[in-house]
Structure formats: C-alpha cells, structure tokens
Amino acid sequence: MPALKAVLWDVDGTLAETERDGHLQAFNQAFARLGVPWRWSEARYGELLRVTGGRERLLHDMESQAQAPAGQQERVALVEAIHREKNALYATIIAAGTVALRPGVRDLIVDCAAEGVAMGIVTTTSGGNVEALLDTHFGENWRSLFSAVVCAEEAPRKKPDPLAYRMALARLGLEARECLAVEDSPAGVASAGGCGVPAIVTRSHYFAARAVPGALAIGDSLADVAGWHPAARHGAPRIDLAQLGRWHAGEARTGRSVSRNG
Ligand code: XBP
Ligand code: MG
C-alpha cells in the first residue's frame with residue numbers, strides 16, 4: 001500500500017449531523033413556507049436517506065404522498081421550489097452555529113494541515129450547503145484547507161456512484177490507494193470503493209445500525225479510540241493521523257476490509 005497522501009471527507013453525517021439537525025429541519029420548514037401539506041418525521045427521513053440527493057429524495061417521497069401533484073412536470077416544478085427554499089433555510093440554520101462539527105473532526109483536519117497531508121471534500125450535497133457549513137466552522141478561507149472540493153453540481157450522479165471520488169482523484173493527481181475516505185454511510189463507502197479508495201466509517205445518527213460492507217474500519221467517533229473495529233491503538237486520546245496511517249497500511253497486510261459493524 002502506498003503512503004497515505006490525502007484524506008477525503010464526506011460532508012453530511014461525517015463532518016456534522018447535518019441530516020437530522022440541518023436538512024430535515026430545513027425540509028420541514030420549506031414545506032410549511034410553501035404550503036406543502038406534509039411533514040417528514042425523524043424516522044421517515046431516515047428511510048428516505050436511502051435515496052441520495054435532496055431533489056431525488058423529494059421526488060421519490062411524492063410517489064407515496066396522496067396530496068402530491070399528479071403530473072410529473074408539476075412534481076418536478078414543486079421539487080425545484082422546495083429544494084431551493086430548503087437550501088436557503090439550511091444555510092440560515094447552519095450559519096446560526098447550532099449544528100456543531102462532530103467530535104474529533106476539527107482535530108483530524110488540523111493534523112492533516114499540519115503534516116502536509118492533502119485533503120478533499122467529496123460530497124453529493126449542493127455546493128451552497130458545503131459553503132454554509134465550512135464557512136461557519138472554518139471561516140471564509142476554508143477552501144485553502146482543501147486541494148479538491150467536489151459537490152453535487154460537478155458530480156450529478158450521486159453516491160453510491162463513484163463519479164465524485166473519481167473527480168476528486170483527478171483533481172488531486174493521486175492514485176486511489178494513496179487516499180483514505182472518511183464516510184458515514186453505505187452509499188458513501190460504495191462510492192469511494194467504486195474507484196478503489198479505501199474508507200473508514202464514523203457511524204452517524206441515521207446509519208448507526210447499518211452494516212457497512214467494504215469499510216476499512218468502523219467506529220462511533222473520531223474523538224474516541226474505544227469501540228473501533230479493527231481496534232485503534234489504545235492510549236491515544238483520539239483517532240489521529242497516525243491511526244489513519246496504521247489502518248491504511250494495514251489494508252496491504254491483510255487485504256481485508258470490515259464487512260459488518262464491529
Ligand atoms: C448527502 C446527500 C444530500 C443531502 C441533502 O450527501 O445525499 O442529498 O442529504 O443535500 P453526502 P441536497 O453524505 O455525500 O455529503 O439537498 O443538496 O442534495
Ligand atoms: Mg454522508
């Protein structure tokens with residue numbers, strides 16, 4: 001296995017609990033503002049997350065909403081209106097600063113920046129949502145931290161399609177096996193794996209109970225070395241760059257990845 005040269009970050013669920021605390025809230029606020037007569041519960045949103053992409057998720061849900069418009073054209077128009085409104089509301093929620101970064105994320109980003117390990121953002125959420133989150137938590141110069149930023153607009157085929165990771169590799173000029181993805185969902189790990197990028201998983205609210213086939217390591221939090229499978233080295237205060245390097249190098253030794261929750 002070549003040396004670890006870049007860490008590629010997923011956004012929703014990985015950097016922050018943005019699905020439950022940001023997108024879901026904003027979708028429901030958008031429904032209310034536009035007079036749409038349904039709301040999504042936390043549990044229903046969890047089911048809908050099987051469909052990646054906000055527009056795709058809305059359109060899919062309309063298939064089971066009795067009060068949705070009957071025609072496809074009307075549905076698509078309503079989806080566009082809701083999605084635009086949702087993203088504006090999402091930006092307001094995020095800018096208020098109440099949706100924190102997940103524990104350990106900032107420290108690991110600082111590790112990478114300090115040690116010259118490149119970073120990328122690889123997400124199929126809209127660019128404006130990424131801007132809102134990173135601007136709030138890292139300031140307006142956040143782009144200087146990342147050598148590649150790939151969002152939904154550039155990669156219209158959403159995860160689990162590997163397009164977003166393939167684009168990030170091309171921009172970084174790196175081989176897949178020189179990189180490590182940090183993801184929270186089966187679709188994210190499948191997207192990375194689809195072009196050969198190994199991935200670790202930090203379980204998020206919505207994917208806590210899901211098996212994640214193909215992950216190199218799975219655990220609850222980057223801020224805690226306990227509970228990871230395969231085990232992280234004990235004694236360290238958190239999952240740091242050295243631990244990522246060990247998992248990354250370990251793949252070459254074992255040729256195995258984790259196919260179940262540890
Ligand atoms: C998550 C997604 C997105 C978000 C909503 O992407 O699938 O669709 O749920 O954002 P990732 P949009 O985990 O790759 O960050 O409404 O902009 O699609
Ligand atoms: Mg995610």
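Each ligand, and each atom within it, is numbered from 1 in the order the structure gives.
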Heavy-atom nearest neighbour in the protein, as seen from atom 10 (O) of ligand 1, with distance rounded to 0.1 Å
Thr125 OG1, 2.7 Å
Judged by non-hydrogen atoms, does Arg57 sit under 4.0 Å from ligand 1?
yes
Is the Phe31 to Trp40 ring centre distance short of 6.0 Å?
yes
Taking atom CD of Gln65 as the centre, report whether more than 12 heavy atoms of other residues, nucleotides or ligands fall under 6.0 Å from it.
yes
Look at atom CZ of Arg44 and say whether more than 12 heavy atoms of other residues, nucleotides or ligands are closer to it than 6.0 Å.
yes
Proximal atoms of ligand 1 relative to Lys159 (non-hydrogen, under 4.0 Å):
14 (O)
Of the protein's non-hydrogen atoms, which lies at the shortest distance from atom 15 (O) of ligand 1, and what is that distance?
Thr123 OG1, 2.6 Å
Within 6.0 Å of CZ in Arg39, more than 12 heavy atoms from elsewhere:
yes
If the condition is side chain to side chain contact (heavy atoms under 4.5 Å, CB included), which residues does Arg75 pass it with, not counting sequence neighbours?
Leu59, Met62, Glu63, Ala68, Pro69, Gln72
For Glu115, enumerate each residue passing the salt bridge (charged side-chain N to carboxylate O under 4.0 Å, His left out) test, keeping only those at least two apart in sequence or located in another chain.
none
For His83 and ligand 1, does the shortest N/O to N/O distance drop below 3.5 Å?
yes
Check: Thr124 N/O within less than 3.5 Å of ligand 1 N/O:
yes
Ligand 1 to Gly54 polar contact by distance, N or O atoms, under 3.5 Å
yes
Counting C-beta onward and ignoring hydrogens, is there a side-chain heavy-atom pair between Asp12 and His23 closer than 4.5 Å?
yes
How far is atom 13 (O) of ligand 1 from the closest protein heavy atom, and which atom is that?
Asp10 OD1, 2.8 Å
Distances under 2.8 Å only: what protein N/O/S atoms are near the Mg ion (ligand 2), ordered by chain and residue?
Asp10 OD2, Asp12 O, Asp184 OD1
Is the contact between Asn129 and ligand 1 made by the side chain, the backbone, both, or neither, using heavy atoms and a 4.0 Å cut-off?
side chain
Heteroatom proximity flag, Gly53 to ligand 1, N/O under 3.5 Å:
yes
Parallel, tilted or perpendicular: which one describes the rings of Phe146 and Phe138, with boundaries at 30° and 60°?
perpendicular
Are Glu42 and Arg20 close enough for a salt bridge, meaning some N to O gap below 4.0 Å?
no
Protein heavy atom at shortest distance from atom 17 (O) of ligand 1:
Ser126 OG, 2.4 Å
Please tell me whether Gln25 and Asp21 have a donor and an acceptor in their side chains that are separated by less than 3.5 angstrom.
no
Backbone N or O of Cys151 within a donor-acceptor pair of the Glu154 side chain at under 3.5 Å?
yes
Check ligand 1 against Val11 and write out every atom of the ligand that is under 4.0 Å from a heavy-atom position of the residue.
15 (O)
So for Lys86, does at least one of its heavy atoms come nearer than 4.0 angstrom to any atom of ligand 1?
yes
Validation row: Asn28, Tyr45 side chains within 4.5 angstrom (heavy atoms):
no
Show me the side-chain donor-acceptor pairs of residues 183-201 shorter than 3.5 Å, one per line, residues at least two apart or across chains.
| unit_1 | atom_1 | unit_2 | atom_2 | d |
| --- | --- | --- | --- | --- |
| Glu183 | OE2 | Lys159 | NZ | 2.8 |
| Glu183 | OE2 | Tyr165 | OH | 2.6 |
| Asp184 | OD1 | Thr14 | OG1 | 3.3 |
| Asp184 | OD2 | Ser204 | OG | 2.7 |
| Ser185 | OG | Gly188 | N | 3.0 |
| Ser191 | OG | Asp161 | O | 2.9 |

One residue to check: Lys158. Relative to ligand 1, which of side chain, backbone, both or neither has a non-hydrogen atom less than 4.0 Å away?
neither
Which residue holds the protein heavy atom closest to atom 6 (O) of ligand 1, what is that atom called, and what is the gap in Å?
Asp12 OD2, 3.5 Å
